Amino acid sequence: MPKKSLSKTAPVTNGKQRTAVIAPNNTSSKPLIRFPKLVRKSDLSVTELAQNQIYLIHNFFTPQECTALISYFDSTLPLKTVPVIPKKGEAFRSNDRESFEDPALADDLWHLGLQNVCEKIAGISQASLPRRPVGLNANLRVYRYREGQKFEGHYDDSVQDKTTKLWTDWTLLIYLNQDMHGGETVFYKSVSKKRIGDPISVKPAAGLALLHRHGRNCMFHEAKEVIQGEKWVLRSDVLIG
């Protein structure tokens, strides 16, 4: 699992202070809470778990940013529990989630250091040739897995961004905490009717970003049950164009 360190190319901060992001249908009369300030990262370390498939981006958020984001999302987003009975053809999942459209925040996250990673790591930048990673899906999702909740084995679909009309090719999961037991994201390289094997397991760590291919190139994977505590995740997708 080689780690790659990227050269410093970005300024220290993004120079912006965002206002609150409030999900649709939130009718709370409470004062808006200012969105946490996020620091641009200029020297992110990357681990390749599977070539052209799975990459870990270490310390994408600082511990302080993770704590602030959890507090912000917990205070402003009306997280809803996914229905217990899945739709036909969908995998069983039991977690709390909310999604919202925010092109500006997606752009901020892209320029925190993710753009540099996607451009410099050949296994990411060249995986979808002739198209290349160009940004993040404006549809952002927040997941909270409580004790006993999980997402059984499934494949992630490619989706079209409503703002740019571009299609996605990578799932981006950013773990916001690590004080839980269980909750690993596990990929399986061997899948057949008789056997699922050769697992690649990713243990959540605060600030760790997991980038993996989806759509027709997606590996079968699952989010293991949280045995104790809670797991918080910020989710988007990388656009190609």
Side-chain angles (χ1 to χ4, degrees), residues 23-26 49-50 53-57 66 69-70 73-74 76-101 136-162 167-206 208-238:
N25 302 320
N26 185 356
L49 298 185
Q53 280 285 347
I54 309 172
Y55 294 85
L56 300 180
I57 306 171
C66 289
L69 285 166
I70 290 175
F73 292 137
D74 197 28
T76 62
L77 290 182
L79 297 177
K80 304 179 184 68
T81 302
V82 175
V84 175
I85 301 176
K87 296 178 181 179
K88 185 177 181 179
E90 293 185 352
F92 172 83
R93 68 186 300 180
S94 56
N95 68 307
D96 308 326
R97 58 166 288 163
E98 184 57 89
S99 64
F100 55 93
E101 295 285 329
L136 285 182
N137 184 2
N139 180 247
L140 303 171
R141 284 134 284 172
V142 177
Y143 300 153
R144 178 182 62 197
Y145 290 83
R146 293 174 288 163
E147 292 182 14
Q149 294 185 330
K150 61 183 178 179
F151 193 174
E152 293 184 349
H154 62 282
Y155 297 95
D156 291 355
D157 291 330
S158 178
V159 297
Q160 188 176 36
D161 178 54
K162 293 181 180 179
W167 287 86
T168 64
D169 199 45
W170 296 81
T171 293
L172 173 68
L173 300 175
I174 310 173
Y175 302 107
L176 301 182
N177 70 315
Q178 60 192 38
D179 52 339
M180 85 291 291
H181 295 296
E184 299 87 356
T185 303
V186 183
F187 298 86
Y188 298 96
K189 293 188 288 184
S190 300
V191 179
S192 68
K193 292 182 179 180
K194 296 182 178 180
R195 177 178 179 271
I196 298 176
D198 300 321
I200 299 174
S201 183
V202 178
K203 182 177 177 59
L208 176 68
L210 166 62
L211 195 64
H212 71 86
R213 296 289 294 281
H214 65 211
R216 64 182 181 179
N217 297 297
C218 189
M219 290 179 65
F220 189 73
H221 62 286
E222 64 177 325
K224 288 288 191 179
E225 179 180 345
V226 173
I227 306 302
Q228 183 179 355
E230 293 183 342
K231 180 176 75 171
W232 285 81
V233 183
L234 177 61
R235 158 81 191 269
S236 186
D237 316 279
V238 174

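Since the model is a prediction, treat every value here as computed from it, not as a measurement. Here, residue 1 is the first one in the sequence, and each next residue gets the next number.
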> Hey, is the main chain of Lys203 close enough, under 3.5 Å, to the side chain of Gln178 for a donor-acceptor pair?
no
> Mind checking whether Arg213 and Asp169 have side chains closer than 4.5 Å, heavy atoms only?
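Touching, per the 4.5 Å side-chain cut-off.
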> To the nearest 0.5 Å, what is the distance between CG (Asp237) and CG (Leu211)?
10.0 Å
> Might you work through the ring-ring contact (aromatic ring centres under 6.0 Å, His included) test for Phe187 and Phe220, ending with a clear yes or no?
CA-CA 6 Å; Phe187 298 86; Phe220 189 73; over 10 Å; no
> For side chain to side chain contact (heavy atoms under 4.5 Å, CB included), just list the numbers for Trp170 and Tyr55, CA-CA rounded to whole Å, side-chain angles, deciding distance to a tenth of an Å, and then say yes or no.
CA-CA 10 Å; Trp170 296 81; Tyr55 294 85; 3.9 Å; yes
> Roughly how far apart are Leu79 CG and Asp74 CG, rounded to 0.5 Å?
7.0 Å
> Nearest heavy-atom pair of Met219 and Ile54: which atoms, and what distance?
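Closest pair (atom of Met219, atom of Ile54, distance): SD-CD1, 3.8 Å.
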> Taking C-beta and beyond as the side chain, do Arg141 and Arg97 meet within less than 4.5 Å on heavy atoms?
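Yes, side chains in contact.
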> I'd like to know whether Glu147 forms a side chain to side chain contact (heavy atoms under 4.5 Å, CB included) with Gln228, so could you lay out the CA-CA distance, the side-chain angles of the two residues, the decisive distance to 0.1 Å, and finally the verdict.
CA-CA 5 Å; Glu147 292 182 14; Gln228 183 179 355; 3.9 Å; yes
> Got a second to check how far Tyr143's OH is from Leu234's CG, nearest 0.5 Å?
9.5 Å
> Could you pull out the closest heavy-atom pair between Leu56 and Val202, with the gap in Å?
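In this case the closest contact between Leu56 and Val202 is CD2-CG1, 3.8 Å.
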> Nearest 0.5 Å, please: how far is CH2 in Trp232 from CG in Asp179?
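So the CG of Asp179 and the CH2 of Trp232 are separated by 11.5 Å.
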> Would a distance-only check, ignoring hydrogens and angles, find a side-chain to backbone donor-acceptor pair under 3.5 Å from His214 to His212?
no
> State, to 0.1 Å, how close Cys218 and Asp156 come at their nearest heavy-atom pair, and which atoms those are.
SG-N, 3.3 Å
> Tell me whether Arg144 forms a cation-pi arrangement with Phe73, defined as NZ or CZ under 6.0 Å from the six-membered ring centre and within 45 degrees of its axis.
no
> Of all the heavy-atom pairs spanning Asn137 and Leu140, show the shortest one and how long it is.
O-CD2, 3.8 Å
> Show, in sequence, the C-alpha distance, side-chain angles and deciding distance for Lys224 and Val186, and conclude whether the side chain to side chain contact (heavy atoms under 4.5 Å, CB included) test is met.
CA-CA 7 Å; Lys224 288 288 191 179; Val186 183; 3.9 Å; yes
> Please give me the minimum heavy-atom distance between Tyr145 and Ala223, naming the atom from each residue.
OH-CB, 4.0 Å
> I need the single residue from Gln149, Lys80, Glu230 that forms a side chain to side chain contact (heavy atoms under 4.5 Å, CB included) with Asp96. Which is it?
Gln149
> Of all heavy-atom pairs between Glu184 and Pro204, which one has the smallest distance, and what is that distance?
CA-CD, 3.9 Å
> With side-chain hydrogen bond (donor to acceptor under 3.5 Å, both in side chains) as the test, would you mind laying out the steps for Asn95 and Arg93 before giving the verdict?
CA-CA 6 Å; Asn95 68 307; Arg93 68 186 300 180; 3.1 Å; yes
> Which distance, rounded to the nearest 0.5 Å, do you find between the CZ of Arg235 and the CG of Leu210?
10.0 Å
> One pair to check against side-chain hydrogen bond (donor to acceptor under 3.5 Å, both in side chains): Thr185 and His221. What are the steps and the verdict?
CA-CA 7 Å; Thr185 303; His221 62 286; over 6 Å; no
> Is there a donor-acceptor pair under 3.5 Å between the side chain of Ser94 and the backbone N or O of Lys150?
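Side chain of Ser94 to backbone of Lys150, a donor-acceptor pair under 3.5 Å: yes, one is there.
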> So do His154 and Glu152 actually touch side chain to side chain, heavy atoms under 4.5 Å?
no
> Rounded to the nearest 0.5 Å, how far does CD1 of Ile227 lie from NE2 of His181?
9.5 Å
> Kindly determine whether Leu176 and Val233 satisfy side chain to side chain contact (heavy atoms under 4.5 Å, CB included), including the steps that lead there.
CA-CA 6 Å; Leu176 301 182; Val233 183; over 6 Å; no
